[in-house]
Structures are given as C-alpha cells and as structure tokens.
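So the structure is just underneath, and the comments pick up after that.
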Amino acid sequence: MAENILVIVEQREGKLNRVSWETIAAGQAIAALTGWTLEAAVVGSGVSAIAGEVAGKKVARVYDVESAALEPYTPDAFVYALREFLGKHPAALVLMPHTYQVRDFVPKLAAALQTTAISDVIGVKYEGGKLIFTRQMFQGKFVADVSFAGTGICFVTFQNGSFRADKVEAGAGAAPVETVTVEIPAGVVRNKPQEVFKEAKQAVDLTQAEIIVSVGRGIKEQKNIELAKQLADALGGELAASRPICDSGWLPMDRQIGSSGQTVAPKLYLALGISGAIQHIVGMKGSRSIVAINKDAEAPIFEIADYAVVGNLFDIVPALIEEVKKAKA
Amino acid sequence: MKILVCMKQVPQKDAPLKLNEAGTWIREDVSYEVNEPDAFALEEALRQKEKHTGEVVVVTAGPARASQVLREALAKGADRAIHLEDAAFVGLDAYNTARAIAAAIKDEKFDLIFTGLQSDDYGYAQTGVILAEILGWPHATIIMQIEKNDAGIRVKRELEAGFFQYVDVPLPAVLTIQSGINKLRYATLIGIKQAKNKPMRKVTLAEVQSAVGGNLQKIEKLYVPQKSKNTEFLEGPPAEVAKKLVEKLKNELRVI
Ligand SMILES: Cc1cc2nc3c(=O)[nH]c(=O)nc-3n(C[C@H](O)[C@H](O)[C@H](O)COP(=O)(O)OP(=O)(O)OC[C@H]3O[C@@H](n4cnc5c(N)ncnc54)[C@H](O)[C@@H]3O)c2cc1C
Ligand SMILES: Nc1ncnc2c1ncn2[C@@H]1O[C@H](COP(=O)(O)O)[C@@H](O)[C@H]1O
C-alpha cells in the first residue's frame, strides 16, 4: 500500500534550521526504499519563504502550516496545530530532527495521538517489507534495531549527523506549496516563553585551538585536573572537558565540548577518561585526529579514535608528559 | 509545594555490559545506580521544599533491585516513596512507563512532577513529556533553574549551542531536569537511619495493568556498534605506550 512520509522542517524565528536538510535526506532515502510518497511541512507564523525553499527539493508537496499563535514556539501550540494538520493530511511516518525543540513537543504529540516516537535514530533499513530504525542505547555502548509495533502514525526523530544534508536531491521542478491555516483557540497555549538569550560572552575560544586535551569523569577528582593541564601545557594546547566536569565546577563552562558546549575541530583532540556519549562526540568528531585514553576497552569514544590507549590514565599521562617534553627538548 | 520525582535505576556508567542470549537486552547481573539527571531532579525537589515547604515523593517503576534508588532518595530527605515493582517494567516503552506511573499516582495531588531529561539505558528522552500529556498538564524540558512566583513558576530552559530561555509555566506542571542544575548532596547517617521508617508504597503490575498497553516500539535486536574508523590500539606498559604515542604525534599527526 502506498503511504505518505512527512518531514516536519524545523524553523526558528523564520529561519530554517539546517539540520532539517538531513531529515529531508532521510525522508528521500526512505521514500526510495519503500516507494512511498515524500511530503514536507513547515510550521510557524509567516514561514512561506521556508516552504518555498524546501519546495525546490525532491518532495511531492510542501505544506505551510500557519498560525499567529505558533510564534514564539510553545509545545501546546505546536501539538495543537500538528494534530489538526495530521487529522486532515494523514501520514504513516512523520520525520523530524532530534533537536531540543522536537524533544520538547514530539512526545506530547505522539502521546496525544496514542502512538509513539522512535527517538534519536541513526539509521534506517527496510527488511522484508518492514522499516527498521537503528538507535543507540546504553549511552552508545549498544545499538538497537527497533520496529514500530503500533497502528497509527509512527514518529521518528533523527540524530544530528546521521544523514548527510549534501545528499538531498533537488526536484525536477518546484513542488507545489499548500498553505494550511490553523485556528488555535485562546487558552490552548499555557506557557509564556521569554526571549532566547546567550549567557555572558565566552572567555576562551576553543575553536581556534590546534591541540585540545579534554578531560572527562575518568579524572575522578578536581585536583587531578592539574595533571591534564600539565599535558596540555607540554603539548602547547588548550584544556577542555566533558559536561560533568563543568557541571561540577572543576573547569569553567566555556571549556565544555559538545552539543550544549563548544564545537571544535583541532588538529589533535586528546580525550582522557571520556566515555564518548553522543552529546560529547558531536562537539569534537570533526577533529583532524582523535586520541583516546580510557580504561574501558568498550568505551564508545574508541569508535571514532584514530589512536587508542586502553589503560589507566593516571599511569599513562605522567609517562606521556615526560615523552612529550623529551620530544620537544 | 508537593513534588513527585520520577527516578530510574540504570546500569552503572562504568559497568561493562554484556548482551543476553537472545541479543535483545543486557544481562541483568551488573551493578546499578540512579539515572544521573534523576539525582539532580531529586536534589532540586528537596531544595524547593526547603524554600517553600511541602512534600517530596519519589517514584520508580522497576524490579525489586530498584528500591535501592528509592531508599537512597529517602535517606537524602524525600518524605515517602512509591515503587511500581515488577521486572516487566524494565521492558516498557516510554508511553507505557508514563501510563503506569500516571495510574499509580491518580489519587495524589502534586503541584510539580520532575523527571530526568533522559534515561541512560533507553535514552528515549520522552517519559516526562508524555506524562504531562496524559495528565493534561503543561510541561517544560531541559530545565536548569526553577523560581516559584505568584502565577506558577519561571523556569530556565537550556537550548542548543549555549542559548537559554526563561518560560513562565502555570502549576501543576511537569519539568524534565538537566544534569548540573544544582550541586548534589550526600545522604547523612541520620538520614539513612530515618529512611528506614519512611513510608514506601508498593504498587503491583496488576494494579496498573489496565492503564498499560502493548509496547508501540519493539527492540528486534541489540548489538555492539560497528566501528566507523580504523582505530589503531597502542599497547604495552605506560612508558612504552607513551613513546609510541609521541612518535605518532610527531611523525604522523605532526603536532609536535
Ligand atoms: C541534552 C544533553 C546535552 C548534553 N550536552 C553535553 C555536552 O555538551 N558535552 C558533554 O560532554 N556531555 C553532554 N551531555 C552529557 C553526556 O550525555 C554524557 O553524560 C557525558 O558526556 C559523559 O561525560 P564523561 O565521558 O566525562 O563521563 P562518563 O560517561 O562517566 O565516562 C567516564 C569515562 O572515564 C573512564 N575512566 C574512568 N576512570 C579512568 C581511568 N583511571 N583511566 C582512564 N579512563 C577512566 C571510564 O571508563 C568512562 O568511559 C549532555 C546530555 C544531554 C542529555
Ligand atoms: N521506569 C521508570 N521509573 C521511574 N522513572 C522513569 C522510568 N523510566 C523513565 N523515567 C523517568 O523519565 C526520565 C526520562 O526517561 P526516558 O524517557 O527513558 O529517556 C528519566 O530520567 C526518569 O526520570
């Protein structure tokens, strides 16, 4: 049976979030596997320009779902609008990027429709007429093949970087854009969001560093940060950290690498006692080379490391500092 | 304020995990700990209670071993606990977990429910938001600060790439708490003693069965991820490994 796939494109304050191209690429890949029809929707207030942009890609149709109450973003308005929309334009699969905004409303939308969202998906397979979604579990230590066991809409959110934005195929001509206006009654929206802001300007800019020595929870105690600092100094690099280290106040927040910290791509990223959770990886996987020291041979960080040392960092780092000093002398 | 904190027991971060025979779940003989953001959620609830008075109740859905999480929470200062006790709760998807918890608390009147923003095992990042929808309450996710005011609460949401946003939310509401919102306390000896006398209500699967349906997502297979890079493992005693690594840094990566 021919079915519809709908990609919900993310926009914030009238700008398309570029991660949405990855979701379109995922949608195109699933359409190619299944032969289903791919459509897209933009949800917001005055977002027709974005709908037009998406219509240039290989999609059958783009919906511009409009309501003044959709700006600024609230989960109540988004869920109301999308329920209305999906009631009139049924889809078998609804795809979105796994952004903070989507995390905020998709579980509510799926629950309201008594169905489920398969979240943070990294890949798709089509086996024996069944779609299989792969997603990480246990902090990336395992991957699961997950299938949809319901009967309604299956929502799927994709992890950043799991499909390539530059693989999006352009359409033969512009796809038709259909405007759908939704009436959101007063009282539906309960939260009152204030302006989005950035905390005080960052003191260190790690994006310019060529060498970064990054510490994770394997460093155990605040006083041991000094050891990592010595290695960074010996190498002439900057010190950075995973989130728990900054949460504990062992290093300032502006040295945090990852989805809620800085994104860096140095020549060398040396990870000490970092497990390699995806929220950390997204901030450093673009590094030219990655060296990881971790006592757990199965730590996910090793999956992206060029050079790996399985062992106790407290044995290896002092020896390393000595060797670096020798080499530089 | 009367606050419910949802806390989940998950495998310890450092524990080496092994797959079960069927390759659908891990072998259960590992050490467990509280899901990290849930510990921060409890701490935040205790702080809110200290500021505004009220009650802190903790709930978990899991097998007998999960009561450890509740006992620790009671020792830290939670007033009472609810344990939905059955090994079957481990296998529920987020929708059904939320439905089971909602059923277990249907006779309670909370002002706030806190969950962690994400579990370390499944990583759905959904249970709290689903719970809000089931209860018909507003919610806010990835919370880094909570201030009570006359109209309800003002929360600080973390957004991507260093952005934040304050949101005013009326009560009752569900919040999903981010790690690092506060500094965790330790349980005191007195706390541990007192915990023994605090109420722990057990809820059986049968009691909430009518609220729970079949899982809407099915794990077909669990496996070790394939490596995407050709990682070279450097082996030997520390001094030798250090030599090898510096040689690579110098001659191959050319950063020394
Ligand atoms: C919405 C969201 C946003 C997030 N944003 C970020 C972010 O921006 N940045 C970030 O980093 N995280 C972020 N996180 C947290 C992330 O999921 C992980 O919890 C975190 O990255 C883990 O940090 P870690 O690797 O230091 O600690 P752990 O996962 O605890 O790993 C510690 C590692 O150290 C190793 N180790 C222990 N002792 C030794 C020793 N003696 N020698 C060698 N190795 C040792 C262990 O084997 C283990 O692998 C976010 C999470 C969420 C849900
Ligand atoms: N079985 C459970 N028992 C108690 N709380 C849970 C359970 N499963 C999930 N939660 C809560 O929901 C949060 C998010 O989990 P998840 O949706 O699985 O990522 C966790 O941090 C817990 O606070």
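Just so you know, these numbers use all the heavy atoms, side chains as well, and skip hydrogens, waters and symmetry mates. In what follows, chains are A, B, ... by sequence order, proteins preceding strands, each numbered from 1.
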(message) Could you check whether any side-chain N or O of Arg135(A) sits under 3.5 Å from a backbone N or O of Gly123(B), counting only pairs where one atom can act as donor and the other as acceptor?
(response)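 Yes; judged by distance alone, with no hydrogens or angles, the pair exists.
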(message) I'd like to know if the side chain of Lys108(A) reaches the main chain of Leu131(B), judged simply by a donor and an acceptor atom lying under 3.5 Å from each other, with no hydrogens or angles considered.
(response)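 Side chain of Lys108(A) to backbone of Leu131(B): no pair is present.
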Pick one of side chain, backbone, both or neither for [X], based on which atoms fall under 4.5 Å of a heavy atom in chain B.
X	value
Gln139(A)	both
Ser147(A)	both
Ala117(A)	both
Ile132(A)	side chain
Ser248(A)	backbone
Val291(A)	side chain
Glu210(A)	neither
Tyr73(A)	side chain
Gln279(A)	side chain
Ile118(A)	both

Based on non-hydrogen pairs under 4.5 Å, which of [options] is most in contact with chain B?
options	result
Glu298(A), Arg190(A), Glu303(A), Gln262(A)	Arg190(A)
Lys267(A), Met137(A), Gln256(A), Arg288(A)	Met137(A)
Val146(A), Asp296(A), Asp104(A), Thr74(A)	Asp104(A)
Gln136(A), Lys328(A), Gln101(A), Glu195(A)	Glu195(A)
Thr151(A), Val196(A), Ile316(A)	Val196(A)
Leu270(A), Leu235(A), Ile304(A), Val310(A)	Ile304(A)

(request) Residue by residue, scan residues 163-180 of chain B and write down, ordered by number, those that have a heavy-atom distance under 4.5 Å to chain A; if none do, write 'none'. (result)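 Those residues of residues 163-180 of chain B which have a heavy atom under 4.5 Å from chain A are Phe163(B), Phe164(B), Gln165(B), Tyr166(B), Val167(B), Asp168(B), Val169(B), Pro170(B), Gln178(B), Ser179(B), Gly180(B).
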(message) What residues of residues 34-42 of chain B make heavy-atom contacts with chain A at a cutoff under 4.5 angstrom?
(response)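 Glu36(B) fall under the 4.5 Å cut-off.
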Taking all non-hydrogen atoms of both residues into account, name the closest pair between [X] and [Y] and its distance.
X	Y	value
Pro138(B)	Asn191(A)	CB-OD1, 3.6 Å
Lys229(B)	Ala305(A)	CD-O, 3.9 Å
Ala144(A)	Leu222(B)	CB-CD1, 3.7 Å
Lys198(A)	Gly162(B)	CG-O, 3.4 Å
Tyr95(B)	Ala111(A)	OH-O, 4.0 Å

(request) For side-chain contact (heavy atoms from CB on, under 4.5 Å), just list the numbers for Glu133(B) and Phe105(A), CA-CA rounded to whole Å, side-chain angles, deciding distance to a tenth of an Å, and then say yes or no. (result) CA-CA 10 Å; Glu133(B) 175 61 22; Phe105(A) 77 80; over 6 Å; no
(request) Using non-hydrogen atoms and a 4.5 Å limit, figure out which bit of Lys183(B) sits close to chain A: side chain, backbone, both or neither. (result)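 For Lys183(B), side-chain heavy atoms alone lie under 4.5 Å from chain A.
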(request) Using non-hydrogen atoms and a 4.5 Å limit, figure out which bit of Glu240(B) sits close to chain A: side chain, backbone, both or neither. (result)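 Contact with chain A involves no heavy atom of Glu240(B) at all.
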Any Lys/Arg nitrogen of [X] or [Y] sitting under 4.0 Å from an Asp/Glu carboxylate oxygen of the other?
X	Y	result
Lys130(A)	Glu220(B)	yes
Asp14(B)	Arg217(A)	no
Glu158(B)	Arg243(A)	yes

(request) Check whether any side-chain heavy atom of Lys326(A) lies under 4.5 Å from a side-chain heavy atom of Val246(B), and answer yes or no. (result)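 Counting from C-beta outward, Lys326(A) and Val246(B) never come under 4.5 Å.
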(request) Answer whether the closest heavy-atom distance between the side chains of Pro75(A) and His139(B) falls below 4.5 Å. (result)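 Contact flag for Pro75(A)/His139(B) side chains = yes.
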(message) With a 6.0 Å cut-off (strictly less than), is the heavy-atom count around NZ of Lys250(B), excluding the residue itself, greater than 12?
(response)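 Result for NZ/Lys250(B): open.
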(message) If we define contacts as heavy-atom pairs under 4.5 Å, which of Arg154(B), Gln226(B), Lys243(B) has the most with chain A?
(response)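 Max contact count across the listed options: Lys243(B).
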(message) Tell me if the aromatic rings of Phe138(A) and Trp25(B) count as close, with their centers under 6.0 Å from one another.
(response)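 Here the rings of Trp25(B) and Phe138(A) have centres that are less than 6.0 Å from each other.
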(message) To the closest 0.5 Å, what do you measure between OH (Tyr307(A)) and CD (Glu252(B))?
(response)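 One finds 3.5 Å between OH of Tyr307(A) and CD of Glu252(B).
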